[in-house]
Structure formats: structure tokens, C-alpha cells
There are 2 protein chains.
Amino acid sequence: MQTNNVTIHDIAAALKIDSSTVSRALNNSPRVTQKTKQRIWAKAQEMGYQRNVLASNLRKNKTNTIGVIIPRISRFFFSSAIEGIEETAFENGYNVIMCQSLEKLERETNLVQTLVANRVDGIILSISMETLDYEHMELARKNGIPTVFFDRHCDIPGNNNVLLNDYQGSFDATDHLVSQGCRNIAHLAGPRDLKLYQNRFNGYKEALEKNGLPFQPDLVIDSNLMEEDGANAAQKILETLPQVDGIFSANDVAAVGAMQFLKGKNIKIPDEIAIVGFSNGPTSSVIDPALTTVDQSGKKMGRLATELLIKQINAKPIPLAPETIILEPTLIQRDSTQKKPTIHPNT
Amino acid sequence: MQTNNVTIHDIAAALKIDSSTVSRALNNSPRVTQKTKQRIWAKAQEMGYQRNVLASNLRKNKTNTIGVIIPRISRFFFSSAIEGIEETAFENGYNVIMCQSLEKLERETNLVQTLVANRVDGIILSISMETLDYEHMELARKNGIPTVFFDRHCDIPGNNNVLLNDYQGSFDATDHLVSQGCRNIAHLAGPRDLKLYQNRFNGYKEALEKNGLPFQPDLVIDSNLMEEDGANAAQKILETLPQVDGIFSANDVAAVGAMQFLKGKNIKIPDEIAIVGFSNGPTSSVIDPALTTVDQSGKKMGRLATELLIKQINAKPIPLAPETIILEPTLIQRDSTQKKPTIHPNT
DNA sequence: CTGTTAGCGCCTTCAG
DNA sequence: CTGAAGGCGCTAACAG
């Protein structure tokens with residue numbers, strides 16, 4: 001390991017001054033003459049000095065690093081979020097360590113331990129579908145590491161959250177389906193343990209009621225909302241629920257799965273069955289134009305989460321009051337030329 | 001900062017032994033009695049000890065961390081690749097620091113510096129579209145940090161690469177279009193500076209020749225292959241190149257852009273114009289069924305790149321001979337029911 | 001098998 | 001404004 005061996009002592013020796021002065025100069029401390037700073041900087045450059053971040057981190061017990069835990073990177077919403085996180089972190093001089101829980105609580109717990117052990121300055125977290133309590137976050141709290149939850153949030157008080165108004169988004173989505181003439185709207189629901197999916201379910205239900213439509217429990221199909229789940233749900237609908245003319249999916253993955261399946265059976269979307277799913281809106285044009293979506297704006301959420309986290313990091317050691325930021329979602333109709341005819345003149 | 005303050009010295013004191021023994025025990029060194037190990041482990045647990053990774057890293061001058069630089073995380077191919085990288089790294093006890101160059105050489109250069117400064121054990125890199133030479137990688141080389149290029153590769157000798165057989169994939173794609181009856185196939189080409197796009201261009205050209213079709217330079221449309229570029233290209237085709245009946249796009253982003261645009265103009269895909277694009281194959285079902293793709297299998301490439309990198313890391317200080325792994329791509333027809341009729345009976 | 005000793009490279013008191 | 005000294009927590013010789 002022939003690592004670059006230039007240390008502050010080397011450049012101190014070369015200049016016949018003390019290493020502490022060099023350290024100060026390199027940190028641009030006001031307590032060093034401009035002249036000596038210049039000399040030191042020049043020499044450092046000349047000798048190809050590079051600060052040993054490890055030593056610096058150890059001494060300061062700070063790493064300038066943010067840890068991020070999300071369920072799965074390749075999901076477009078999360079990769080967009082990471083993009084926002086990474087950019088904001090970068091602008092503020094932070095590195096990002098990024099990990100995926102793969103929806104497993106055990107992995108999530110391990111990752112929190114790893115991040116704490118690596119002395120990250122803060123954690124951004126979107127919990128797994130298995131995560132029902134927050135014991136594993138105690139470790140971070142005890143070590144004074146601020147945490148921001150995003151998207152999938154933590155509803156016990158005293159935490160920082162960046163969320164979407166899931167209730168409103170779902171309400172709007174369902175309302176939109178009704179306005180397009182749908183009367184029997186199925187709901188692809190996520191695990192009810194997650195607050196987020198509870199809210200999406202509630203928005204769906206109350207939009208039905210507000211429109212004078214009956215809530216039909218058998219039209220709610222529970223799953224983990226993977227693509228396959230969406231396809232299975234679509235199959236179930238075709239085989240046993242012929243009355244269904246609209247689907248509100250609690251995420252985009254299942255919505256796409258359902259859509260592909262229905263298209264394969266030559267069902268016209270949205271004319272025969274209209275579909276709305278949560279998704280990462282405007283940037284996600286690979287989503288089929290026939291699919292209307294509720295914009296999750298992952299990148300924006302990522303930025304907001306990171307800004308909030310950095311604020312909390314800078315506030316140490318006196319922690320700021322925890323904040324919850326709620327984004328209002330927007331409904332995006334990709335293909336506004338196609339209107340679903342009002343095939344049910346009743347009501 | 002009320003960080004968990006338990007150190008090996010604390011537990012050594014509590015047990016009236018030396019801290020070095022504690023250190024050895026915690027590293028499960030064979031040179032400590034099983035009995036004392038047990039006592040130490042128990043005590044460590046009891047006192048809530050957590051190794052200070054920073055100190056350990058400093059001492060060992062090793063971080064157990066892999067740095068990854070890619071152009072943009074939210075591109076599906078890259079997020080899939082990261083997924084593979086992260087999983088493989090995790091299985092082997094490595095952390096991952098992930099950064100995006102946003103296709104800027106300047107950012108890429110800075111990131112390499114940051115990673116080296118952070119003493120990552122290895123680097124996985126997919127170069128930006130601006131990157132034409134590899135001067136900025138000198139720093140990593142000088143510090144003995146192994147590097148693996150993937151997807152967008154480095155064709156100067158002596159480097160580790162994990163690549164797709166771009167030539168073959170493009171050849172197959174073009175050949176497929178011909179077999180579907182296309183006779184005037186446009187090519188959405190990427191920056192010719194990148195070897196990868198050169199190869200894709202060559203595959204296209206030679207497939208035409210092999211099939212006895214003339215190569216028409218005006219059917220090659222150059223761009224950076226963003227979605228907008230694809231849409232612009234499609235517009236150009238509609239307005240000035242009416243003979244075009246097939247499009248081979250050098251990436252999926254532009255292919256989707258073109259497809260959406262054409263669909264908006266009520267062009268039937270693939271009946272009127274067939275499109276094939278490079279993409280991340282089987283996992284990417286959000287890609288429209290009408291679009292045939294060349295499978296890039298990002299996740300697999302990520303895994304292979306990481307395995308290769310770890311092999312190189314473990315080989316230090318005597319570096320292994322550099323390797324180049326080339327994956328053979330597969331053509332994926334999503335919607336095999338739709339066959340393009342041979343509307344050009346000539347040839 | 002265990003203890004002693006000596007740093008890794010940097011930063012931060014405390015003196016002058 | 002600069003120098004001297006000590007230590008962050010851990011590990012790796014080297015002895016015994």
C-alpha cells in the first residue's frame with residue numbers, strides 16, 4: 001500500500017514550522033497570518049498533500065456523511081428521492097452512504113447499526129413494509145444522531161417527517177375516477193400497518209362516500225403491491241368482479257402490473273377500465289400515457305428531507321423541535337385526449 | 001455529543017486485563033482463550049460497547065467501503081446496477097458510497113478525489129458522457145485503489161471492465177427490425193466519443209450491410225439520448241424522413257421519448273414504425289410492450305463489477321492482471337403477438 | 001496466551 | 001499569531 005504519504009508534519013518540517021500551524025492554515029483558521037497561509041498552501045499543493053479524512057474524522061468524531069436507508073433503489077420513486085438527497089448533500093459538503101433494506105426489518109436494523117457505527121452525522125429513512133415499531137432507531141437516538149423519515153413515516157411524536165398528503169392524493173384520484181364515470185372502483189391496497197397505506201385507503205373510501213357511492217369491501221384487494229400482485233389483482237377482477245370499471249392502486253408498481261395484464265387481455269385502458277396509481281409524476285414518462293398518476297415528486301421530497309436533516313445536524317447539540325413537512329400531491333393525466341364516456345347514467 | 005463512550009479500555013479496566021487483549025478478542029483472534037473471549041464478549045455486550053469504526057479505519061488505513069460513481073441514479077439501468085453492487089458489497093461486508101456525476105467530467109473528477117480522500121478500498125465507475133481521457137483516475141491508481149469500469153468503459157489497456165457486447169446487441173436489434181420487414185431504419189445515436197455508442201453504431205451499420213440494405217447517413221440522428229432528444233428525433237422523422245419504418249435507438253430513454261411522441265401522433269408502434277432500444281430488460285416492465293429491447297441486465301453487471309473489484313481488493317498489494325468481462329445481450333420482444341407485416345415486398 | 005509499547009494523522013487546548 | 005503537548009480509539013509489533 002504505497003499510499004500518498006504526505007502529512008501535515010511533512011509540510012511543517014519542509015517549512016520549519018509546527019504542524020499545528022499547518023493544520024490551522026489548511027482549515028483556513030483566522031488565527032494564522034495570510035502570508036504563512038499562502039506559504040503553507042503553496043507547499044501543500046507542491047507536495048501533493050491530501051488531508052487524511054479518516055484521522056480528521058476520528059479527531060472530530062464527525063464524518064460529514066449522511067446515511068440513507070430505503071427499501072429498494074431501483075424503484076423509480078426512491079431513485080428519484082436519492083437523486084434529490086445526493087444533490088442537496090453534495091451542495092452542503094456531505095457524502096452519502098446509501099443502503100437498501102429490501103423491505104426487511106432485520107436488514108434495516110443491521111443497517112442502522114452499521115450507520116451508527118460508521119458515525120454518520122444523520123440518517124434519512126424510509127421504513128420497510130415489515131417495520132411496525134421503532135426500537136431499532138433507539139440506537140441512533142441514544143447516540144444523538146438526528147433522523148428524518150420520509151414517505152413512509154413514523155407517526156409516533158417527536159420525529160422529523162417529510163411526507164406526501166396521501167389522504168388527499170387518494171381522495172383526488174378516486175374522485176377523478178368517479179368524474180370519469182366509474183361507479184365500481186377497486187382499490188389495490190398496501191399493508192394496512194403502514195400509516196401511508198392506511199391514509200391512501202381512507203382517501204379512497206371517503207371519496208366514494210362523498211360521491212354517494214357505496215363502499216364495497218370486496219373491491220379492496222390487499223397485497224404488497226409488487227408488479228405481480230397488480231397482475232394477480234387484475235386477474236381476480238376479470239374473473240370474479242366483472243362490475244369493476246375503475247382501479248385505484250396505492251402504488252405505481254402494482255398499477256403497471258395490473259395495466260399490463262389487462263392490456264394483454266385486450267381490455268382498453270382507460271376506456272373499459274380506468275386506472276390511477278401513485279407514482280413519481282412528471283419525470284416518469286415511461287409510465288404508459290393511459291395511466292393517470294398522483295405525483296409523488298420523489299426528488300423534491302429527497303431535497304426537503306436532506307435540508308431538514310442538515311438543519312438538525314447543525315443545531316446540535318441542542319436539538320431543534322422536530323418538524324413534519326407535508327407535500328400536497330398533484331393529479332397528472334397523461335393522456336387528456338381520452339375521456340372515459342359516462343357509461344353509467346345512474347346516480 | 002453524548003456519544004456512546006464505551007471503549008476497549010473501559011471494558012479492559014472492568015475486567016482488569018489489557019485493552020489489546022480485548023481488541024484481539026473482539027476481532028476473534030485465535031490467540032485468545034475461548035474462556036476470556038467469552039468473558040470479554042459478555043462484558044462488551046453488557047456495557048453496550050460499539051467498535052469505533054473511525055479509529056479502526058485510521059489504524060488499518062482501510063475503510064471496507066466501495067465508492068461508486070455513475071452518471072445518474074434515477075436512470076433505471078443504473079439504479080438496477082447499484083442494486084446489484086449494493087447487494088454484492090453487503091454480502092461481502094463492504095459499505096457503498098454512491099455518487100452521481102450528472103454526466104459532468106468536472107463533477108466526476110471531484111468525486112474521484114473525494115473517494116480517494118475518504119480512503120475507499122475500491123471504485124466502480126461508469127464514466128460521464130464528457131469523459132474523454134482518464135487523467136483524473138491517475139489519483140486512484142497512484143494510491144493503489146483498484147477500479148472497475150462498467151457499461152461505459154475505458155478502452156485503454158490495463159483496466160478492469162464489465163461490459164455488454166454492444167456491437168452484437170445492436171446487430172441483433174437491427175437484424176430483428178429487418179426481419180420484421182423494415183427497410184429504412186433510422187438510428188438514434190449517442191456521442192461517438194464513447195466507445196459504447198461507437199460499437200452500437202457499428203452493429204447497426206453492419207447489420208444493414210449484411211442484409212443487403214444501404215447505409216443511409218441521413219438516417220442517423222445524433223444526440224445525448226435524453227427523452228427530449230428522442231421526441232425531437234421522432235418529429236424530424238415524421239417531418240422530413242417519411243420513408244423511415246423502423247428505429248433503432250442506442251438507449252431506452254430516447255426510445256421511449258420517440259415512442260411517446262409517435263403514439264401522440266397516432267402512429268401505430270410497431271406496425272407503422274417499429275422501435276428497438278437498449279434497455280434494462282426483464283425487470284423493466286414499465287417499458288411499453290410494443291417496444292422491443294436489448295437487455296442490458298444492469299443488476300447482473302453490477303454484481304459482476306463488484307465481484308471483480310473485491311477480487312482485486314483482496315489481491316492487494318500484488319495487483320491481479322486486469323480483466324474484461326463481456327456480457328452477451330438478449331433481445332426481448334415484449335409483445336410477440338404483434339408482427340409487423342412485410343409491407344415492403346422488394347428485396 | 002497475554003501485556004507492553006508505540007503510533008495511525010489530525011485537531012485543540014494551553015502557553016508563550 | 002505560533003509552538004508544544006496530548007489524545008481521539010484502535011491495532012500491531014514485540015516481548016514475555
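Throughout, protein chains are lettered first and strands after them, A, B, ... in sequence-line order, and every chain is numbered starting at 1.
Considering only side-chain atoms of A:T33, the nucleotide from D:dC10, D:dC1, C:dG3 that sits closest is D:dC1. In this structure, of C:dT12, D:dG9, C:dG3, it is D:dG9 that holds the atom nearest to the side chain of B:A55. Among the nucleotides D:dC14, D:dC10, C:dG9, the one closest to the side chain of A:N52 is C:dG9. Side-chain proximity of B:T7 to D:dC10, C:dG3, D:dG3: nearest is D:dC10. The side chain of B:H9 has D:dC10 as its nearest neighbour among C:dT13, D:dC10, C:dT2. Listed nucleotides C:dC10, D:dT11, C:dT2 differ in distance to A:Y49; the shortest reach to its side chain belongs to C:dC10. Picking from D:dA12, D:dC10, C:dC1 the nucleotide with the shortest atom distance to the side chain of B:K60 gives D:dA12. Between C:dG9, C:dT12, C:dT4, one nucleotide has an atom nearer to the side chain of A:L58 than all others, and that is C:dG9. Listed candidates were D:dG3, D:dT2, C:dT2. Nearest to the side chain of B:R31 is C:dT2. Picking from C:dT2, D:dC10, D:dT2 the nucleotide with the shortest atom distance to the side chain of B:T21 gives C:dT2.
Nucleic acid contact for B:R24: base, since at least one base atom lies under 4.0 Å from a heavy atom of the residue.
For the residue pair B:E103 and B:M129, the shortest heavy atom distance occurs at OE1-N, 2.8 Å.
Side chains of B:N27 and B:S29: a donor-acceptor N/O pair is absent below 3.5 angstrom, by distance only.
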